[in-house]
Each structure stands twice: as C-alpha cells, then as structure tokens.
Amino acid sequence: TKLQPNALEFSLYKEGEAMYSYKTRIRYSELDATGHLKIESLLDYFQDCSTFQSEDLGIGAEYLKKQHMVWVMSYWQIQVERYPVLGETVTVGTLPYEFMGFRNFVMIDEEGKRIACANTLWSLIHTENATPMRPTEEMIGKYVLEPKIQMDYEPRKIKVPEKLSPGSEIQIKSHHLDTNQHVNNGQYVKIAMDCITKMPQIIQLRAEYRKQAYLNDILIPYTAVTEEGRYIVVLKNEQDAVCCIVELQGKECYGKDKK
C-alpha cells in the first residue's frame, strides 16, 4: 500500500511521491490503564511496518538469513502528538532516506493528521562475526530512498548525567528475545520504563543501542533525571558495558530545553 502524504503534514514531498504503509485498528491488548495506546505498542507498530515492507519486497527475514545478515537497531527517536484509543483506525507508514540505514515512520489518523512520527538508524550486521555489511544490489534496487519527513530531529547520542542511581538487577528471559535470539529493541524500552516509579505522559522517546544482550544475561539499570526533566535509564550488563540508553521526555517538561 502507498500512503499519499497530506499536503500540510508532509509538505517536503513532491507530487506523486509516497511511502510504504498499512492500515490497522488499535487493539485492547495494546492499551494502557487510561485506555490509550502504549508507547511501546506504538514502537511495535513502527517496527512491524518496516518488517512488512521488507517482506513484501522479497528481502525480509528469510532473504537476510540466507545472506547471513541482520538489521540491528542503533537509535530510536519517537515523537507523539497524541495517543489513539481502542478501535481507532490508523495508517502506519515508513520510508528510508539519505542512505539505507536511516528510516522514518509516521502514524496518521483517518483525517490524515499526524499522531506520531519517528526517526531511526539501523546497522546491517553479519550474523556470524558481527561485522558491518554492505547491502546487496537487490536490496539497493528495492529500497527506494525518499525525502525525510518533517520533525524535530535530535542528536543520535544521548547525553548521560554523571550521577546515576543503580536499580535492581534484571535477568533476561525468553519473552525478551526476538527471532535473532537477542533482546528485542522494544523490550529494552519496556525494561527502562519499568524502572521509572512515576511515569509521565511521554511525548518523546529516544533510545541508543550499543551492545546486544542475550538469554539469562543480567542487566543493571541506572537512572537519573536531567535539569530539563528528562528521565534517563542506562542499562548495563554485569561487565559494566552499556547495552542501551533510554531517554523519556514527559509532557510537563516539554519546552524547558527548547528556549
């Protein structure tokens, strides 16, 4: 399916350009206690969209397996305008831009208004020796690069305060893993959110991924709140190596660091 950009929301697009998309409805199992879509479910919608595109193009999971390749998430930045409710019909779209590892996502409602958007960076890695790989000619030919969407792009490196408070150890279980047998990038976000005692309504999420974690590994969370009111969660392994850094920005701190 092709998502035709709304003239207001996607003014960077030229006539006739579009992005890959699919239409769906918000499910009860994806709601939080207030009856709205959870941000981790929003992340799953975005991730599924890029997976669907790859599968429809014939360069999905089985193709990558034969090539001994895997796409690994390096960075998420999700911005939320509002959270949809049960049964609401939404369209989720994605496009690669500038180079194949950069990818945008959007979720829009039935009126074409933006609900949320995201910027991501992916790395193509060899499954046997974990070294970076170049996309095949087939992949280059099928992934069409488009202009990036309009959003407030932030740096891909998350600044971590010097003073962090350690939390309780977390053992990685099978439900944290994906088909690549390591912790799924969305699971890091869920683990980080569980470390925040009083979670605000999130209007922006950033996640920086540095090292893979596997079944039975131990992660130790370290938390802090920045001067701007952003929550930082650093997830380290038992060797003190950083696996993931998650930054959560709530509605009450929006604008404090935009002066």
Within this structure, what is the [atom1]-[atom2] distance for the pair [X] and [Y], rounded to the nearest 0.5 Å?
X: Asp194; Y: Ser168; atom1: CG; atom2: OG; value: 12.0 Å
X: Thr89; Y: Lys23; atom1: OG1; atom2: NZ; value: 7.0 Å
X: Met133; Y: Met69; atom1: CE; atom2: CE; value: 3.5 Å
X: Leu95; Y: Cys49; atom1: CG; atom2: SG; value: 9.5 Å
X: Gln53; Y: Asp56; atom1: CD; atom2: CG; value: 8.0 Å
X: Gln249; Y: Leu205; atom1: CD; atom2: CG; value: 10.5 Å

Not counting sequence neighbours, which residues clear side-chain hydrogen bond (donor to acceptor under 3.5 Å, both in side chains) with Glu128? List them please.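 So Glu128 forms a side-chain hydrogen bond (donor to acceptor under 3.5 Å, both in side chains) with His68.
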
Listed partners of Tyr214 passing side-chain hydrogen bond (donor to acceptor under 3.5 Å, both in side chains), at least two apart: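 Counting only residues at least two positions away or on another chain, Tyr214 forms no side-chain hydrogen bond (donor to acceptor under 3.5 Å, both in side chains).
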
Can you name the closest pair of heavy atoms from [X] and [Y] and give their distance?
X: His36; Y: Thr34; answer: ND1-OG1, 2.9 Å
X: Ala118; Y: Ile149; answer: O-CD1, 4.4 Å
X: Val80; Y: Ala116; answer: CA-CB, 4.1 Å
X: Pro84; Y: Met107; answer: CG-SD, 4.2 Å
X: Leu219; Y: Cys243; answer: CD2-SG, 3.8 Å

Backbone of [Y] reached by a side-chain donor or acceptor of [X] within 3.5 Å:
X: Arg156; Y: Gln77; result: no
X: Tyr83; Y: Gln201; result: no
X: Arg25; Y: Gly87; result: yes
X: Gln204; Y: Ile78; result: no

Under 4.5 Å between side-chain heavy atoms, counting indirect links through other Ile/Leu/Val/Met/Phe/Trp/Tyr residues: same cluster for [X] and [Y] or not?
X: Ile196; Y: Met193; result: yes
X: Val106; Y: Met151; result: yes
X: Phe52; Y: Val92; result: yes
X: Tyr75; Y: Val70; result: no
X: Leu177; Y: Val72; result: no

Pairwise ring-ring contact (aromatic ring centres under 6.0 Å, His included) hits with a residue in residues 154-178, at least two apart: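 The answer is none; no pair qualifies.
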
With sequence neighbours excluded, give me every ring-ring contact (aromatic ring centres under 6.0 Å, His included) pair touching residues 181-208.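 For residues 181-208, and leaving out neighbouring residues, the ring-ring contact (aromatic ring centres under 6.0 Å, His included) pairs sorted by first residue read Tyr188-Tyr209.
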
Do [X] and [Y] make a side-chain contact, defined as non-hydrogen atoms from C-beta onward lying under 4.5 Å apart?
X: Ile108; Y: Ile115; value: no
X: Glu110; Y: Val90; value: no
X: Pro132; Y: Leu124; value: no
X: Asp152; Y: Gln79; value: yes
X: Ile172; Y: Ile191; value: yes
X: Tyr22; Y: Thr94; value: no
X: Arg27; Y: Ser41; value: no
X: Gln67; Y: Leu64; value: no

Take Ser50 and Tyr20 through the side-chain contact (heavy atoms from CB on, under 4.5 Å) test and state the conclusion after the steps. CA-CA 8 Å; Ser50 59; Tyr20 177 90; over 6 Å; no

Tell me, with the steps shown, if Met73 and Thr120 meet side-chain contact (heavy atoms from CB on, under 4.5 Å). CA-CA 8 Å; Met73 176 66 71; Thr120 58; 4.0 Å; yes

Show me, pair by pair, the donor-acceptor contacts under 3.5 angstrom made by side chains of residues 138-145, not counting sequence neighbours?
unit_1 : atom_1 : unit_2 : atom_2 : d
Glu138 : OE1    : Tyr63  : OH     : 3.4
Glu138 : OE2    : Lys142 : NZ     : 3.1
Lys142 : NZ     : Leu57  : O      : 2.7
Tyr143 : OH     : Ser54  : OG     : 2.4

Can you list the residues that meet the ring-ring contact (aromatic ring centres under 6.0 Å, His included) rule with [X], with sequence neighbours excluded?
X: Tyr45; value: none
X: Phe46; value: Phe105
X: Phe99; value: Phe102

Less than 4.0 angstrom from a charged side-chain N to a carboxylate O is my criterion; do Glu228 and Arg230 meet it?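 Between Arg230 and Glu228 there is no salt bridge, as every charged N stays at least 4.0 Å from the carboxylate O atoms.
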
Using a strict cut-off of less than 4.0 Å between a Lys/Arg side-chain nitrogen and an Asp/Glu carboxylate oxygen, indicate whether Glu208 and Arg210 qualify as a salt bridge.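 So Glu208 pairs with Arg210 through a salt bridge.
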
Give a yes-or-no answer on whether the side chains of Thr91 and Ser21 include a donor-acceptor pair shorter than 3.5 Å.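 No - no donor-acceptor pair under 3.5 Å links their side chains.
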
Can you check side-chain contact (heavy atoms from CB on, under 4.5 Å) on Arg103 and Trp122, steps first, answer last? CA-CA 8 Å; Arg103 183 175 282 272; Trp122 302 72; 4.0 Å; yes

By salt bridge (Lys or Arg N to Asp or Glu O under 4.0 Å) - contacts of Arg82 (at least two apart):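 Applying salt bridge (Lys or Arg N to Asp or Glu O under 4.0 Å) to Arg82 gives Glu88, Asp109.
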
Apply the hydrophobic cluster definition, ILVMFWY joined by side-chain contacts under 4.5 Å directly or through others, and give me every member besides Ile158.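 Besides Ile158, the cluster holds Val160, Leu164, Ile218, Ile220, Tyr222, Ile232, Val234, Val242, Ile245.
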
Starting from Val85, walk the hydrophobic network (Ile, Leu, Val, Met, Phe, Trp, Tyr; side-chain heavy atoms closer than 4.5 Å) and list everyone else you reach, by chain and number.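 Taking Ile, Leu, Val, Met, Phe, Trp and Tyr as members, Val85 stands alone, with no cluster partners.
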
Where do Gln47 and Asn184 land on the side-chain contact (heavy atoms from CB on, under 4.5 Å) test, with the steps shown first? CA-CA 11 Å; Gln47 185 168 257; Asn184 181 267; 3.4 Å; yes

Quick one: salt bridge (charged side-chain N to carboxylate O under 4.0 Å, His left out) pairs with a partner in residues 166-182, sequence neighbours left out?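 As it turns out, there is no salt bridge (charged side-chain N to carboxylate O under 4.0 Å, His left out) pair with a partner in residues 166-182 once direct neighbours are skipped.
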
Stepwise, does the side-chain hydrogen bond (donor to acceptor under 3.5 Å, both in side chains) test hold for Gln171 with Asp217? CA-CA 6 Å; Gln171 186 175 30; Asp217 282 358; over 6 Å; no

